[in-house]
Participant: 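I'd like to ask some things about the structure below.
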Amino acid sequence: MHKELTASRRGFLKTTGYLSLAFAIPLDSALSQANPNTPRLPGDLQTNRKLSAWLRVNANQTVTLLVGKVELGQGILTAVSQICADELDIDLNRVQVISGDTALVPNEGVTAGSFSMPYCATAVQHASAEVRAILLELAAEKLNQPVNSLTVQDGKVLASNGSNVAYWDLIVGESLNREATGTIKPKPASQHRYIGQSVHRVDLTPKILGEAKFLQEHRPAGMLFGHLVRPPTYAAKLLSVNAASVQKMPGVVKVVRNGSFLGVVAQREEQALAAANALNASAKWEVEKKLPTHDGIFDWLRTTKPNRVINTKVQPRVGGETPAKTIEATYYRPYHMHASIGTSAAIATMGADGVMLIQTHSQSVFETSIAIAKMLGLEPGKVRCQHMQGAGCYGHNMADDAAADAALLAMAVPGKPVRLQYTREQEHKWEPYGSAMVIQTKAGVDANGNVLDWDLQIWSTPHGTRPGGEPGNLLSARYLEKPFVQPVPTNGGPPNYAADRNGIALYDFAGHQVLTHFITDMPVRVSSTRGLGAYANVFAIESFMDELALAANIDPLTYRLRFLKDERARDVLQQAADKFGWNSWKKTINRGRGIGFARYKNIAGYCAVALEVEVNPRNGRIRVMRAVAAADSGHIVNPDGVSNQIEGGLIQSLSWSLKEEVKFDDTQILSTDWNSYPILTFSEIPPVEVVLVNRPGAPFLGTGEASQGPTSAALANAVFDATGVRFRRLPLTPERVKQGLDKKGTA
């Protein structure tokens, strides 16, 4: 079944010179599974247990690190390189990384959920530590010296008697073709040279210099260009099209039609676009009107019968007093786009060997390759995905769809690379959005404002329709002559969750219940955006905490600390407040301050955000004056990388919270460009200060999605502080704010 993967790996070894090495590569290591009777290994070593699946010590005095996680702008390849260099005692420049090639690297699943550091980085750390121990054993034998007398300097093993040998001269036979034991402890923080340092990002220089680092810029020799014609609406069916006349247009190589899937391949990009426009002009479609409209979506969520009601948390209060009063509020999040700056693209080539090679910026190269193979009717090993960086995405955008569409077109022109990139309108209209949500909160409190009973209910459609090996999750597969049916989505369970991610507040309440109304019907296409349900749930929880604090006439920071027992959580909250100057801040007209906190998924990074805003009462425009964030990501590998993630998440959250909302009528998506779907501009970005709390020796914690939720809540809380009006529906557009100010109520 995996013969083609094996062949492609041998080809890689031959072309790069790895065949000169004296150890065997386990060709199916990326597909290995752990024996249930063996000890559990750290991180992704558990399912990719061979050391040689992760590391190669090369004759050219370098080390190749192979990882299944991919670079999305989060700096993961830099961080794992730092870890590898430290554990092996080699210079950072000797580490070469291969990531996201389904034929070469360990299968680490999807790069998502802020799991790269706890799973991939942890695996790299332990694998590298164990490989170093093996190399020292080999060196001790070769030098006839005890292991504990040896030291290492940049890959050279030194003995106390002056003899030495280099790593590159030590590997023999099957030395690394063995399972990791997990018994070798990584180095203590005191011995780190790179971990904890803000080293230069390995992927940054070519981007700054304008090199073709992004897939969107890649132009292989002999490449053809593809373009698609999408239906006018989700449920439309292609009735007829004048393909014959388009086939005769200049440069057109092939018009491809399969059911309602319609595309063209041409010699030049402008020729492909012209042909696609001609196809679109002649196409006749059957169109249905069946959407609930963007203004009606919240009523639709509340009135549609859920497919499943999930008791996310059930902790009823036992005994005690009757609440003095009950406070309730409801919060709303619209659909959000990924709105990637670079529209999704892919390059596919149907090779003479029968292997479909796809260069893609997908976050799920392994599962996507399987889904595409099923769609094309090929064996799984006949589709190979190679990850290349894309220009912007956290979540499930159209990268997987582009990979599938390029493959469908490439099947029609074997032997030729086919490049496909969507137009801005196609990306905006057809990408999977982040689900709209309604969150209802209710708390019974005593006379002192203490929460006795906390109740939170969530209404949401799915947050996960990634390919997952199923062609029905690929957009075009559902429009083929023999269409694939989209599987019914499920909601992730604990501790990751999905619609209810971060729905469980980290605060210590006597009674605490969370109920999730999970609706699998999808009026518009949805999947994973950064943070899944956490962004809306934290917005609701942290906004409501401010409302409870106000009702109790207690400072919002003090009120939170009253219920927060986790010392690390208290620390980041206090550090954000101190850096902001919470206690010394002076109220001025039209200005307000706000704070928000969460531990992402209650298992990943801690983050607190404090904002100062100014609200113009004449037009409702909000200006964020400054932002402060504090973050605890466990043991920090690259401080600058962590700060980048906190800053980037904060800015994206401000964009979501101030501007972004997918609009649609009863037929189609109306947000088709940057005018109809505006995002935050450079001039609107506030100064951002980040305080990092380092925990040397603690586990690595995911950071990439930690600041999204706290930022949205801090914004809403600051706007209330500035105006006295509570806004519970996002985004806080000038029109919505002005309307709320005019009514002097809640909005």
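For the numbers below, each heavy atom of this structure counts, side chains included, while hydrogens, waters and symmetry mates do not.
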Participant: Looking at every heavy atom in both Met625 and Pro687, which two are closest together, and how far apart are they?
Facilitator: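 What the structure gives for the nearest pair is O-CD, 3.2 Å.
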Participant: Any donor and acceptor pair, going by atom type alone, linking the side chain of Thr423 with main-chain N or O of Gln426 inside 3.5 Å?
Facilitator: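 Pair found, side chain donor or acceptor close to backbone of Gln426.
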Participant: Tell me whether the centres of the aromatic rings in Trp459 and Phe518 are closer together than 6.0 Å.
Facilitator: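 Aromatic pair excluded; centres sit 6.0 Å or further apart.
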Participant: Between Tyr422 and Ala402, which heavy-atom pair has the shortest distance, and what is it?
Facilitator: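 Answer, listing the atom of Tyr422 first, then Ala402: OH-N, 3.0 Å.
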Participant: Any idea which heavy atoms bring Phe727 and Arg736 closest together, and the distance?
Facilitator: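 So the two residues come closest at CE2-O, 3.6 Å.
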Participant: Quick check against the 3.5 Å criterion: does Glu431 have a side-chain atom that pairs as donor or acceptor with the backbone of Ala339?
Facilitator: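 Present.
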Participant: Give a yes or no on whether the backbone of Arg466 and the side-chain of Asn473 come within a donor-acceptor separation of less than 3.5 Å.
Facilitator: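 Looks like yes, one N/O pair under 3.5 Å.
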Participant: Could you walk me through whether Asp500 and Lys601 pass salt bridge (Lys or Arg N to Asp or Glu O under 4.0 Å), step by step?
Facilitator: CA-CA 9 Å; Asp500 42 358; Lys601 299 191 288 191; over 6 Å; no
Participant: Nearest 0.5 angstrom please: Leu730 CG to Glu661 CD, how far?
Facilitator: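 Answer rounded to 0.5 Å: 9.5 Å.
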Participant: With side chains defined as the heavy atoms from C-beta onward, is the minimum distance between Leu658 and Val624 less than 4.5 Å?
Facilitator: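 SC-SC contact between Leu658 and Val624 confirmed.
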Participant: Side chain of Asp721, backbone of Asn717: donor and acceptor closer than 3.5 Å?
Facilitator: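 Between the backbone of Asn717 and the side chain of Asp721 there is no qualifying donor-acceptor contact (under 3.5 Å).
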Participant: Taking atom NZ of Lys237 as the centre, report whether more than 12 heavy atoms of other residues, nucleotides or ligands fall under 6.0 Å from it.
Facilitator: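 Open: at most 12 neighbouring heavy atoms sit under 6.0 Å from NZ of Lys237.
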Participant: Check whether more than 12 heavy atoms from other residues, nucleotides or ligands sit under 6.0 Å from atom CG of Leu239, and answer yes or no.
Facilitator: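 Yes, the 6.0 Å shell around CG holds more than 12 heavy atoms from other groups.
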Participant: Test the Arg726-Phe720 pair against the cation-pi criterion, namely NZ or CZ under 6.0 angstrom from the six-membered ring centroid and within 45° of the ring axis.
Facilitator: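 Ring-cation test returns yes.
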Participant: Are Ser460 and Ile519 close enough that some pair of their side-chain heavy atoms sits under 4.5 Å apart?
Facilitator: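 Contact flag for Ser460/Ile519 side chains = no.
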Participant: Strictly by modelled atom types, are Tyr394 and Gln645 linked by a side-chain donor-acceptor pair under 3.5 Å?
Facilitator: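 Yes, a side-chain donor-acceptor pair sits under 3.5 Å.
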Participant: Hey, does Leu408 have a side-chain heavy atom less than 4.5 Å from the side chain of Met375?
Facilitator: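 Side chain of Met375 against side chain of Leu408, heavy atoms only: contact under 4.5 Å found.
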Participant: What side-chain hydrogen bond (donor to acceptor under 3.5 Å, both in side chains) pairs are there with at least one residue in residues 667-678, not counting sequence neighbours?
Facilitator: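 Only Lys429-Gln668, Glu660-Tyr677, Asp673-Ser676 qualify under side-chain hydrogen bond (donor to acceptor under 3.5 Å, both in side chains).
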Participant: Under the side-chain hydrogen bond (donor to acceptor under 3.5 Å, both in side chains) criterion, do His517 and Gln457 qualify, and how do the steps go?
Facilitator: CA-CA 7 Å; His517 304 264; Gln457 295 194 53; 2.7 Å; yes
Participant: Would you name the heavy atoms of Ser435 and Thr461 that are closest together and state the gap between them?
Facilitator: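 Where Ser435 meets Thr461 most closely, the heavy atoms are OG-OG1, 2.7 Å.
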Participant: Ile439 versus Thr330: any side-chain heavy-atom pair under 4.5 Å?
Facilitator: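 SC-SC contact between Ile439 and Thr330 ruled out.
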Participant: So, the side chain of Ser260 versus the backbone of Leu238: is there a donor-acceptor pair under 3.5 Å, distance only?
Facilitator: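 Side chain of Ser260 to backbone of Leu238, a donor-acceptor pair under 3.5 Å: yes, one is there.
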Participant: Please identify each residue that fulfils ring-ring contact (aromatic ring centres under 6.0 Å, His included) with Trp300, with sequence neighbours left out.
Facilitator: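 So Trp300 forms no ring-ring contact (aromatic ring centres under 6.0 Å, His included) with any residue.
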Participant: To the nearest 0.5 Å, tell me how far Leu420 CG sits from Phe225 CZ.
Facilitator: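 Separation between the atoms: 11.0 Å.
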Participant: How would you list, by chain and number, every residue that makes a ring-ring contact (aromatic ring centres under 6.0 Å, His included) with Tyr331, sequence neighbours excluded?
Facilitator: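 Expected list: Phe539.
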Participant: Quick one: side chains of residues 287-296, donor-acceptor pairs under 3.5 Å with protein atoms, not counting sequence neighbours, listed by atom name and distance.
Facilitator:
from: Thr293; atom 1: OG1; to: Gly296; atom 2: N; distance (Å): 3.2
from: His294; atom 1: ND1; to: Phe664; atom 2: N; distance (Å): 3.2
from: His294; atom 1: ND1; to: Phe664; atom 2: O; distance (Å): 3.0

Participant: Judged by atom type as modelled, is there a donor-acceptor pair below 3.5 Å linking the side chain of Arg308 to the main-chain atoms of Thr516?
Facilitator: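 A pair under 3.5 Å: no.
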Participant: Under a plain distance cut-off of 3.5 Å, with no hydrogens placed, do Asp400 and Thr368 share a side-chain donor-acceptor pair?
Facilitator: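 Looking only at side-chain atoms, Asp400 and Thr368 do form a donor-acceptor pair, the distance falling under 3.5 Å.
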Participant: Ignoring hydrogens and geometry beyond distance, is a side-chain donor-acceptor pair present between Ser282 and Asn242 at under 3.5 Å?
Facilitator: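 No, no side-chain donor-acceptor pair sits under 3.5 Å.
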Participant: Can you give me the closest heavy-atom contact between Pro432 and His338, atom names plus distance?
Facilitator: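 Residues Pro432 and His338, closest heavy atoms: O-CE1, 3.0 Å.
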Participant: Between atom CG of Asn491 and atom CG of Asn307, what is the distance when rounded to the nearest 0.5 Å?
Facilitator: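 Rounded to the nearest 0.5 Å, the CG-CG separation comes to 11.5 Å.
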Participant: Pair up each side-chain donor or acceptor in residues 528-538 with any protein partner under 3.5 Å, not counting sequence neighbours, and list the distances.
Facilitator:
from: Ser528; atom 1: OG; to: His463; atom 2: O; distance (Å): 2.6
from: Thr529; atom 1: OG1; to: Arg333; atom 2: NH2; distance (Å): 3.2
from: Arg530; atom 1: NE; to: Gly704; atom 2: O; distance (Å): 2.9
from: Arg530; atom 1: NH1; to: Gln652; atom 2: OE1; distance (Å): 3.0
from: Arg530; atom 1: NH2; to: Gly704; atom 2: O; distance (Å): 2.7
from: Tyr535; atom 1: OH; to: Ser657; atom 2: OG; distance (Å): 2.7
from: Asn537; atom 1: ND2; to: Ala499; atom 2: O; distance (Å): 2.9
from: Asn537; atom 1: ND2; to: Arg501; atom 2: O; distance (Å): 2.9
from: Asn537; atom 1: ND2; to: Gly533; atom 2: O; distance (Å): 3.0

Participant: Using the rule given for side-chain hydrogen bond (donor to acceptor under 3.5 Å, both in side chains), can you reason through Thr343 versus Gln421, listing the C-alpha separation, both sets of side-chain angles and the distance that settles it, and then say yes or no?
Facilitator: CA-CA 7 Å; Thr343 57; Gln421 183 170 0; 2.9 Å; yes
Participant: Could you check whether any side-chain heavy atom of Leu456 comes within less than 4.5 Å of a side-chain heavy atom of Gln440, counting everything from C-beta outward?
Facilitator: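 Heavy-atom side-chain distance check fails, nothing below 4.5 Å.
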Participant: Taking the ring of Tyr332 and the ring of Phe298, is the distance between their centroids below 6.0 Å?
Facilitator: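 That pair passes the under 6.0 Å test.
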Participant: Evaluate the criterion side-chain contact (heavy atoms from CB on, under 4.5 Å) for residue pair Lys659 and Thr733; output intermediate values, then yes/no.
Facilitator: CA-CA 6 Å; Lys659 294 192 171 191; Thr733 61; 5.8 Å; no
Participant: Can you list every pair that meets side-chain hydrogen bond (donor to acceptor under 3.5 Å, both in side chains) and has a residue in residues 617-627, with sequence neighbours left out?
Facilitator: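 Only Glu612-Arg626 qualify under side-chain hydrogen bond (donor to acceptor under 3.5 Å, both in side chains).
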Participant: Are a donor atom and an acceptor atom from the side chains of Ser114 and Glu705 found within less than 3.5 Å of each other?
Facilitator: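 Yes, a side-chain donor-acceptor pair sits under 3.5 Å.
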Participant: Ignoring hydrogens and geometry beyond distance, is a side-chain donor-acceptor pair present between Ser364 and Glu367 at under 3.5 Å?
Facilitator: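 Their side chains do not contain a donor-acceptor pair, so the 3.5 Å distance test is not met.
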Participant: Would you call Arg230-Glu427 a salt bridge at under 4.0 Å N-O?
Facilitator: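 Not counted as a salt bridge, because no side-chain N and carboxylate O are separated by less than 4.0 Å.
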Participant: Is the backbone of His428 close enough, under 3.5 Å, to the side chain of Tyr433 for a donor and an acceptor to pair up by distance?
Facilitator: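 Such a contact is found between Tyr433 side chain and His428 backbone.
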Participant: Please report the closest heavy-atom contact between Ser362 and Val70, naming both atoms and the distance.
Facilitator: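 Of all heavy-atom pairs spanning Ser362 and Val70, the closest is O-CG2, 4.1 Å.
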Participant: Look only at the side chain of Glu542 and the backbone of Phe597, and say whether a donor-acceptor pair between them is shorter than 3.5 Å.
Facilitator: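 Checked: pair present.
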Participant: Would you mind reporting whether Thr441 and Ser543 have side-chain heavy atoms less than 4.5 Å apart?
Facilitator: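 Ser543 does not reach Thr441 side chain to side chain.
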Participant: Tell me, do Thr312 and Ile504 make a side-chain contact under 4.5 Å, heavy atoms counted?
Facilitator: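 Sidechains of Ile504 and Thr312: in contact.
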Participant: So that I can tick it off, tell me whether Glu269 and Arg419 are bridged by a salt bridge, with the cut-off set at under 4.0 angstrom between side-chain N and carboxylate O.
Facilitator: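 Counted as a salt bridge, because a side-chain N and a carboxylate O are separated by less than 4.0 Å.
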Participant: Return yes if some donor-acceptor pair links the side-chain N/O of Asn258 with the main-chain N/O of Glu481 below 3.5 Å, else return no.
Facilitator: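 Flag set: sc Asn258 to bb Glu481 pair under 3.5 Å.
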Participant: Should we count NZ of Lys313 as having more than 12 external heavy atoms under 6.0 Å?
Facilitator: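 Check passes, neighbour count above 12.
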Participant: Within a strict 4.5 Å, meaning less than it, do heavy atoms of the Leu228 and Leu262 side chains meet?
Facilitator: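 Side-chain contact under 4.5 Å: no.
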Participant: Verify whether one side chain among Gln389 and Lys207 offers a donor that lies under 3.5 Å from an acceptor in the other.
Facilitator: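 Note: Gln389 and Lys207 side chains meet the donor-acceptor criterion.
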